[in-house]
Structure formats: C-alpha cells, structure tokens
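Accompanying notes for the structure given below.
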Protein chains: 2
Amino acid sequence: MVTIKDVAKISGVSPSTVSRVIANNPRISEDTKKKVRKAMKDLGYHPNINARNLVAKSTKAIGVIMPSSTNVALQNPFFPEILRGIGSVLHDAEYSMYLSTGETEKEILSEVQRIVYGSYVDGVILLYSRINDKVTNFLREQGFPFVIVGKPYDFDTEINHVDNDNFRAGKEITNHLIDMGHEKIAFIGGSRELFVTRDRESGYVAALNEAGIEECDAYRIHTEFLKSGGREAVEHLMSLDTKPTGLVVSDDLISLGILSMLESYGIRVPQDISLVSFNNVYLSEITKPALTTVDIQIYELGAQSAKVLIEKTKNKNEPAKRIIIPYQIVYRDSVNRLS
Amino acid sequence: MVTIKDVAKISGVSPSTVSRVIANNPRISEDTKKKVRKAMKDLGYHPNINARNLVAKSTKAIGVIMPSSTNVALQNPFFPEILRGIGSVLHDAEYSMYLSTGETEKEILSEVQRIVYGSYVDGVILLYSRINDKVTNFLREQGFPFVIVGKPYDFDTEINHVDNDNFRAGKEITNHLIDMGHEKIAFIGGSRELFVTRDRESGYVAALNEAGIEECDAYRIHTEFLKSGGREAVEHLMSLDTKPTGLVVSDDLISLGILSMLESYGIRVPQDISLVSFNNVYLSEITKPALTTVDIQIYELGAQSAKVLIEKTKNKNEPAKRIIIPYQIVYRDSVNRLS
DNA sequence: TTGAAAGCGCTAACAT
DNA sequence: ATGTTAGCGCTTTCAA
C-alpha cells in the first residue's frame with residue numbers, strides 16, 4: 001500500500017505537506033502542489049479512509065436502514081428508486097452509503113447500535129416509520145443525526161423528516177373521483193401501523209365529509225399487501241348490497257392485486273369501477289388500464305433526506321427540518337365519469 | 001467517546017488486556033474477562049471500527065455495486081430481493097455492506113476505485129455483468145476479491161460468479177410450450193448486451209432446434225424494458241402473416257408490458273396466445289393471468305454471492321468459483337394446451 | 001496471564 | 001510556505 005510517506009519521500013517534502021496538498025490547503029505553493037500531485041499519480045496513491053476517519057472523527061458515510069423482510073411488500077420498486085435518490089446526493093457530496101437490512105426490529109436495532117457506536121457513519125436515514133419505534137428512540141436519545149423518510153410517530157418537531165402531504169394527496173385524489181360523479185367510494189389501504197396509510201385514509205375521509213357523502217365502515221379495508229389481501233378486499237366489497245363505484249387504493253402495488261382480482265370477477269376498470277392509487281411506481285403505467293395515481297416523487301424523497309442529513313452531520317446545531325415533497329396527480333385510464 | 005483506555009483504567013488492567021478480552025483471547029483468565037466485560041458494559045464501550053480497521057488492514061465490509069439509472073428497468077424488484085439475500089449473509093458473518101449506485105459506467109468505475117484504493121471494503125459484489133466491462137477489468141487487474149452476479153464476459157474460470165443455468169432454463173421453459181402443442185413460438189428479450197438475455201435466448205433456440213421446429217428471425221425480438229418496447233414487440237408480432245401462439249419472454253417485468261399490450265389488442269392470454277417468462281418476481285403472481293415463469297431464486301443468488309466473496313476475502317488463495325443456483329419452473333395460468 | 005511499547009496512515013497544532 | 005511532533009483508538013509483538 002502506498003502511503004503519504006512514500007509520496008513525501010518521492011516528492012521531497014514532508015508528510016504533512018502531502019496531507020495539505022490532499023486537502024488543497026491554500027498555503028501550499030502551486031509548485032509543490034504540482035510536484036506532490038505528480039508523485040501521487042506516479043505511485044498510484046490513494047488516501048486510506050480508515051486512518052483519515054480515525055483522526056477526523058467523521059466518516060463521510062451515511063447509514064441507510066431498509067426494513068427487509070420476507071414480506072413481499074418490501075420488494076416494492078419504491079426501494080431501488082429511493083436508494084437511487086439518496087445515492088445521487090451522497091455521491092455528489094462525496095459521501096458513502098452504508099446499507100443495513102434487517103428482518104426484525106431487534107435485528108435492526110442492534111445493527112443501528114453497532115454502526116452508531118462503532119463510528120461507522122455520521123448519520124442515519126430510516127426508510128420506514130413505525131409506531132413507537134425503538135430505533136427512532138435510540139437515535140433520539142443518542143442525539144445522533146438521523147432523518148426519517150415518512151413521519152415520526154412522535155416528537156415530530158424535533159426529528160428531521162421528509163414526507164409527502166399524504167393527507168392532502170388522499171383528499172385530492174378522492175375529490176377527483178367525486179368530481180367524476182362518484183359517491184360510493186371505498187378505501188383499500190395497507191397496514192394501519194404505517195403513517196402513510198393513516199394519512200391517506202384521513203384525506204379520503206375528509207374529502208367525503210366535505211362533499212357531504214356519508215362514510216361507512218364497510219367501505220374501509222385494510223389488507224396486507226398483494227394477492228391474498230387483494231382477494232379478500234374485493235370479495236368483501238362485492239358482497240355488499242351497495243357496491244362501490246370508486247376505489248381509493250393506498251399503494252400501486254396493492255392496486256395491481258386489486259386489478260387482477262377485479263378481472264377475475266369480471267368487473268371492468270374503469271367501466272364498472274374506477275380506481276385511483278398512490279406512488280406512481282413505473283408499474284402503474286403498464287397495467288391494464290394504466291393507473292391514475294399520485295406521483296409522490298420517490299427519487300426526490302430520497303435525495304432530500306440525504307441532503308438534510310448531510311447538513312445535519314456537518315452542523316449539529318442545524319434545527320430539525322420537516323420537508324414536504326410536493327406530489328402530483330397523474331391522470332391515466334383507471335377512472336371513468338359516472339353518468 | 002469511550003475508549004479502550006477508559007475501560008482499562010476502570011477495570012484496573014492494561015489496554016492490551018482489554019483488547020485481548022474483546023478478541024476473546026484464551027490466554028486471559030476468566031476472572032479478568034469478567035471484570036473487563038463488566039467495565040465495558042458499565043461504560044457503554046463499543047470498539048471504534050476505524051481504529052480497528054486501520055491496524056487490522058481489513059474492514060469486514062463488502063461493497064455492492066448496483067447499476068442505478070433513470071432506466072426503469074432498474075426499478076426491478078429483483079434488486080431489493082437480492083440485497084436482502086446479500087444482507088442476510090453479511091449480517092450473520094458480521095460484515096457490513098457498502099452500497100454504490102452509479103449512473104454511468106465511468107461513475108461506477110470511479111466509485112469502485114475509490115472504495116478499493118481507499119480500503120473501504122474487503123471485496124466487491126457486482127450486480128450486473130456487461131460485455132467488456134471496465135470495472136471487471138479493474139478488479140481483475142488489482143487482484144481484488146470480487147464476485148459477479150451473472151456471467152463474466154471473459155476469464156470466467158478465473159472470476160467468481162453466481163449465476164443460473166439460463167441456457168437450460170430457457171430450453172426447458174420453451175420445451176414446456178412445445179409440449180403443450182405450440183410450434184410458432186416467439187422470443188422477446190431485453191438488451192442483447194446482457195448475458196441473461198443471450199443465454200435464455202440460446203436455450204430457446206436450442207429447444208426449437210431439437211424439436212425440429214424452424215426458427216425464424218422475425219420471431220426474435222429485443223426490446224428495451226417495459227411500455228414502449230412492449231408495444232413495438234407486440235405490434236411487430238401481430239403484423240406477421242403467421243402469428244405466434246407462444247411467447248418466451250426473458251423477464252417478468254417485460255411480460256407485464258407485453259400482457260398489457262396484448263390486452264389492448266384484444267388478444268387473450270392464454271386462450272389466444274401462451275406466455276412464459278423468467279424471474280418469478282412477486283408480481284408474476286398477481287398479473288392476470290398469473291405467469292408461468294422460471295423461479296431463479298433471487299434471494300439465493302444474493303446469499304451465495306456474499307458467501308463466496310467472504311470466503312475469498314478471508315483466504316486470498318481460495319480458487320475462483322462458479323456457483324449455479326438451481327431454478328424451478330412455476331406453473332401458473334399463462335399457458336394453454338394447443339389443440 | 002498480563003503489561004509496555006511500537007506502530008497502522010493520517011491530520012493538525014505548533015514551530016520556523 | 002513547510003517541517004516537526006503528537007496523537008486518533010486499536011492490535012500486536014516482545015518481555016516479564
């Protein structure tokens with residue numbers, strides 16, 4: 001391994017001068033810089049990150065916590081896309097990304113403790129937000145820089161987070177259905193533990209209320225992701241006396257399952273029932289019909305969270321931020337006007 | 001920060017003894033170990049990874065290179081799943097994972113050089129395999145431990161790789177179509193640059209040949225992923241005088257697009273045309289119809305590659321391995337017997 | 001079984 | 001503008 005000393009020897013300066021050249025210290029003459037840089041190149045020198053981190057007490061690395069699990073919901077294309085957003089910002093800032101996947105909360109917590117205590121990273125991005133999350137609590141207690149993609153279950157003025165206005169989005173997309181003449185509108189959401197689900201559902205309820213449409217419990221369904229859940233939801237809805245003519249579904253992935261179930265039942269979208277959903281994952285474009293859905297800008301969600309976190313790691317006094325990424329409704333073919 | 005010295009002071013031993021306790025050195029008496037461990041716990045001591053790496057000249061970390069890009073193909077659920085497989089093995093081995101995403105080959109190369117030269121990681125997993133890849137070349141020249149998920153374009157006896165037998169899989173799934181009475185079978189694949197595409201296609205061709213079915217160029221289509229590509233493929237195929245009755249599609253994601261296009265044309269699957277594909281991403285279960293597809297065991301692909309790589313980093317003399325993960329055909333509803 | 005001392009590669013006062 | 005020195009937290013000879 002080529003060290004700073006080798007470079008120093010070859011270029012006839014001291015190690016500290018080499019170090020200063022690396023840091024591009026302005027008090028080093030251009031001449032020496034040139035000389036040293038040449039030596040670095042000739043020798044193929046690259047700084048050893050561990051030595052540097054040791055003294056700098058900073059790693060220029062961010063930990064990303066991705067709740068992996070056998071649950072297929074986490075095979076969501078959401079993740080590669082948000083990683084892409086994070087990665088892009090980190091790359092520009094010359095930070096690295098440290099990815100932790102863990103199945104259980106306990107596993108995740110011990111991972112996080114390891115990387116925090118061991119100075120692996122300067123900050124952490126949480127790609128999930130659960131009610132009463134131990135990881136969040138730990139990070140908070142440690143005063144360690146972190147940011148949540150989504151909404152913290154508590155202390156939301158103290159905790160950095162990047163989110164959409166899911167309430168408003170839920171309301172707006174429901175209103176779209178109402179504007180198109182629908183009144184019997186059902187909501188199909190994922191786990192109630194997740195804030196996204198709750199917020200989107202509240203928006204849905206608010207829209208109904210404002211429009212003077214009575215909401216009914218039978219129209220609000222929570223399902224685990226995908227196939228089986230989709231089946232139950234559709235079966236339940238279709239067993240009702242007054243069947244809905246519109247569906248607000250809280251995730252494109254769930255919509256896929258629903259779409260498939262509806263087809264089994266010979267119910268056509270949008271002719272027989274209209275459907276809107278959330279995320280605008282690329283899949284929503286290639287379903288039949290293509291989905292009218294809320295584009296939540298996943299990439300941006302990732303990019304902004306990385307940006308906020310880096311600021312925070314650089315300046316511990318940076319106040320906690322809440323960043324709301326604007327959404328946009330993408331109108332496609334899954335909604336019909338009810339005449 | 002609590003250091004080894006603090007622990008030493010509290011427990012009344014020397015720093016080196018503490019270090020030995022951490023390493024669980026057998027020559028330290030159980031008594032001292034107990035004493036030291038208590039002190040570590042009381043103080044909340046955690047080893048500083050950078051200091052350790054610096055002297056150990058090993059990081060117990062693996063770099064994973066994920067070709068991110070705006071190309072939606074990379075929003076493939078394949079990635080979260082393979083990361084899950086890798087993460088699980090790394091976690092058990094107490095390794096950490098560095099994730100690098102890069103848009104261009106140049107960007108990826110410089111990332112890889114940075115983490116290799118800077119001793120960020122002990123080894124690298126490449127989540128892609130391109131023809132004449134600079135990154136592969138670099139790693140090979142450096143003699144740096146790495147493994148490719150897929151097939152190396154060259155030196156495949158010298159390079160660790162974990163792959164499926166895509167040729168055989170392609171042949172077998174095509175044979176399934178043939179067994180079901182199909183003769184006019186088309187192939188729709190992704191980029192020809194990718195070995196997966198090539199191998200699966202070769203398998204398809206081999207099956208036709210063995211069955212004495214003449215292959216024709218008009219039946220072999222290569223498309224970029226998803227929507228637009230799917231459209232062209234279907235339009236082309238349906239403009240033919242003798243339209244195919246069977247389709248071998250090289251990726252579930254492409255199949256989704258194709259399915260959607262076919263439906264636009266009023267062509268029913270499997271009544272009018274049968275379709276088989278590859279990967280068995282969870283989506284293939286919730287399409288209408290559910291897809292008959294090759295389960296390539298994505299999780300296993302990731303887990304095994306991590307395993308091989310860790311072995312290699314621990315023992316540089318470990319010979320290069322080629323690991324073939326068995327596949328399995330999952331029969332669902334997208335194929336009809338032709339009578 | 002334990003301690004003392006050196007050193008991993010780098011940065012950052014403090015000198016000059 | 002550059003060199004000298006100390007030290008980051010840890011592991012590992014070498015000595016006892």
Would you confirm whether Glu158(A), through its side chain, and Ala320(A), through its main-chain N or O, come within 3.5 Å as a donor-acceptor pair?
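Checked: no pair found.
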Quick one: sort the His46(B) and Tyr117(A) rings into parallel, tilted or perpendicular, breaks at 30° and 60°.
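His46(B) and Tyr117(A): parallel rings.
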Using ring pair (Phe, Tyr, Trp, His ring centres under 6.0 Å) as the criterion, list what pairs up with Tyr45(B), not counting sequence neighbours.
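Testing Tyr45(B) for ring pair (Phe, Tyr, Trp, His ring centres under 6.0 Å), a comparison that skips the adjacent residues, returns none.
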With sequence neighbours excluded, tell me which residues meet ring pair (Phe, Tyr, Trp, His ring centres under 6.0 Å) with Tyr128(A).
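Here no residue qualifies.
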Reading nucleotides 9-16 of chain C 5' to 3', which nucleotides get B (base under 4.0 Å from a protein heavy atom), which S (sugar-phosphate only), which -?
BBBBBB--
Could you list the residues that satisfy side-chain contact (heavy atoms from CB on, under 4.5 Å) with [X], not counting sequence neighbours?
| X | result |
| --- | --- |
| Asp156(A) | Pro152(A), His161(A), Arg322(A) |
| Thr157(A) | none |
| Asn315(B) | Asn317(B), Glu318(B) |

Once rounded to the nearest 0.5 Å, what's the spacing between atom OG of Ser88(B) and atom CG of Leu83(B)?
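It is 12.0 Å, given to the nearest 0.5 Å.
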Heavy atom of residues 90-98 of chain A under 4.0 Å from DNA chain D: which residues?
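Close to the strand, none.
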For a quick test of your reading: what N or O donor-acceptor pairs under 3.5 Å do the side chains of residues 90-99 of chain A make, sequence neighbours left out?
from     : atom 1 : to       : atom 2 : distance (Å)
Tyr98(A) : OH     : Ser96(B) : OG     : 2.3

Would you say the side-chain atoms of Thr17(B) and Ser14(B) include a donor-acceptor pair closer than 3.5 Å?
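Thr17(B) vs Ser14(B): donor-acceptor pair found between side chains.
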Write down the distance between CG (Asp6(A)) and C1' (dC8(C)), rounded to a whole number of angstrom.
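Answer to the nearest Å: 13 Å.
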Should we count NZ of Lys9(B) as having more than 12 external heavy atoms under 6.0 Å?
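Atom NZ in Lys9(B) is not packed in, count stays at 12 or less.
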Closer than 4.0 Å, any side-chain N/O of Ser29(B) to the OP1 or OP2 of dT2(C)?
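The answer is yes; a side-chain N or O of Ser29(B) sits under 4.0 Å from OP1 or OP2.
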First contact, last contact: which nucleotides of DNA chain D are these for chain B, 5' to 3', heavy-atom distance under 4.0 Å?
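Contact span on the strand: dG9(D) to dC14(D).
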Bend angle of the helix from dT1(C)-dA16(D) to dT16(C)-dA1(D), end axes from five pairs each (to 10°):
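Taking five pairs per end, the axes differ by 40°.
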Under 3.5 Å, side-chain donor or acceptor atoms of residues 118-126 of chain A against the rest of the protein: list the pairs with distances, not counting sequence neighbours.
from      : atom 1 : to        : atom 2 : distance (Å)
Tyr120(A) : OH     : Arg114(A) : NH1    : 3.1
Asp122(A) : OD1    : Thr59(A)  : N      : 2.9
Asp122(A) : OD1    : Thr59(A)  : OG1    : 3.0
Asp122(A) : OD2    : Ser58(A)  : OG     : 3.1
Asp122(A) : OD2    : Thr59(A)  : N      : 3.2
Asp122(A) : OD2    : Lys60(A)  : N      : 2.9

Per-pair distances, 0.1 Å, donor-acceptor, side chain in residues 34-43 of chain B, under 3.5 Å, sequence neighbours excluded:
from     : atom 1 : to       : atom 2 : distance (Å)
Arg37(B) : NH2    : Asn24(B) : OD1    : 3.2
Lys38(B) : NZ     : Asp42(B) : OD2    : 2.7

